[in-house]
Amino acid sequence: MEIMVLKGDGIGPEIMESSLNILNLLTENYNLKIDPVEFDIGAETISTGKWKLPAIIEEARKFKAILKAPMGHPELRNAGGTEDALDVILGLRSELDLYANVRPVKKLPGVQSVLRGYDEPGSINYTLIRENSEGLYSSHFGGQILRDEVAVDNQIITRKGTERISKYAFELAEKNYNRRKENKKKVTCVDKSNVLKSFVFFRKIFEEVSKDYPGVETQYMYADAMTQYMLFHPRELDVIVTENMFGDVLSDLAAATVGGLGFAYSANLSENTGMFEPVHGSAVDIAGKGIANPTAMILSTTMMLGWLGEAKYSDIVEKALSSVLADGTGTADMGGNVRTKEFTEKVMEKLRNS
Ligand code: ATP
């Protein structure tokens, strides 16, 4: 199967190399049949006009799966003042209707949490589902700045959008291995329904959908209170569902509890297309130094393999990666001194010996 590969910007090409090397090893040494097709789509080729959004969407539609490294450069911006590459990221999510942004939050072996009492691997293990097609960010293509005096962005919440994302969250909770061992499966709805009508509607639809899942507990949190709950009670969390921008912000906070952005991976899913990418950005501050943590990129790749029905390959890569981390191997963000290439080589060595 051919997959679309977007190497992105900043540390993107460096961490994508890790993923491509691992995929290559799985193809050569095992029987994985994946053919990565690389595209030079990034902040520069977008801002020079070599790649325009409609052409990118047209290419993307030819693939079932897209493996994407972080894209964007803070200095390459359009006339409206926002980053050029964001048109592409948000455009792909919106045009391909990748409505479910699935972000696992998992404490891996050997990785330190900033929280006390969470040393055990798996002691933090939940999934944040971010609605990806509407919410405040859907205003990206429609916001206005008028006469340098007034700025407007609108939040969009629809019945269809809220129903399908709530349903996705409940189904994930239902089919999930019971992570909160002795407790019931749970979905936490995060909003600001005490302030905005759009969130009153979001919560109402969520509640309606919840009636179809009597075996799953529901919990309601306001987004501000949720930031504290995520730090004090991460063991109580199972599946979280929230609006687009809240999901963006909360997932960086969640990442910090499991070692940082280098460990935050994700899938953007529709019924029939998936785009898999790290949660973090292109980290231009460390680009070109060869010190980026490739874990989030590698785990995005395993998530893609699992979604494509190749779970046995995602399992062996995750085992190899966990074992490298458990050995105490760490990149600079983990307080270690192992470089991106060396880290990847260690994972590949484990894979060769598995
Ligand atoms: P975006 O808005 O596109 O998510 P950002 O401007 O919020 O991007 P990131 O690029 O995500 O920022 O980086 C935030 C910080 O985390 C930076 O200091 C960066 O160096 C660090 N960081 C992000 N990803 C990694 C990684 N894979 N390895 C090491 N450090 C990382």
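Each ligand, and each atom within it, is numbered from 1 in the order the structure gives.
With values rounded to the nearest 0.5 angstrom, Leu261 atom CG is found 4.5 Å from Asp252 atom CG.
In this structure, Ala267 and Met303 approach most closely via the heavy-atom pair CB-CE, 3.6 Å.
Ring pair Tyr229/His233 is tilted by interplanar angle, where 30° to 60° counts as tilted.
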Start with the C-alpha gap between Ile3 and Leu23, add the side-chain angles, then the distance that decides, and say whether side-chain contact (heavy atoms from CB on, under 4.5 Å) holds.
-> CA-CA 11 Å; Ile3 57 159; Leu23 284 175; 4.2 Å; yes

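Every pair passing salt bridge (Lys or Arg N to Asp or Glu O under 4.0 Å) that includes a residue from residues 26-38 is listed here, sequence neighbours excluded: Lys7-Glu38.
Look at Lys211 and Glu208 and you find no salt bridge, because none of the NZ, NE, NH1 or NH2 atoms lies under 4.0 Å from a carboxylate O.
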Return a table of N or O atom pairs, ligand 1 on one side and protein on the other, at distances under 3.5 Å, rounded to 0.1 Å.
from     : atom 1 : to     : atom 2 : distance (Å)
ligand 1 : 10 (O) : Gly281 : N      : 3.4
ligand 1 : 10 (O) : Gly281 : O      : 3.4
ligand 1 : 10 (O) : Ser282 : N      : 3.4
ligand 1 : 10 (O) : Ala283 : N      : 2.8
ligand 1 : 11 (O) : Gly281 : N      : 2.7
ligand 1 : 18 (O) : Asp285 : OD2    : 2.9
ligand 1 : 20 (O) : Asp285 : OD1    : 2.9
ligand 1 : 20 (O) : Asp285 : OD2    : 3.0
ligand 1 : 24 (N) : His280 : ND1    : 3.3
ligand 1 : 27 (N) : His280 : NE2    : 3.2
ligand 1 : 27 (N) : Asn293 : O      : 3.0
ligand 1 : 28 (N) : Asn293 : N      : 3.0

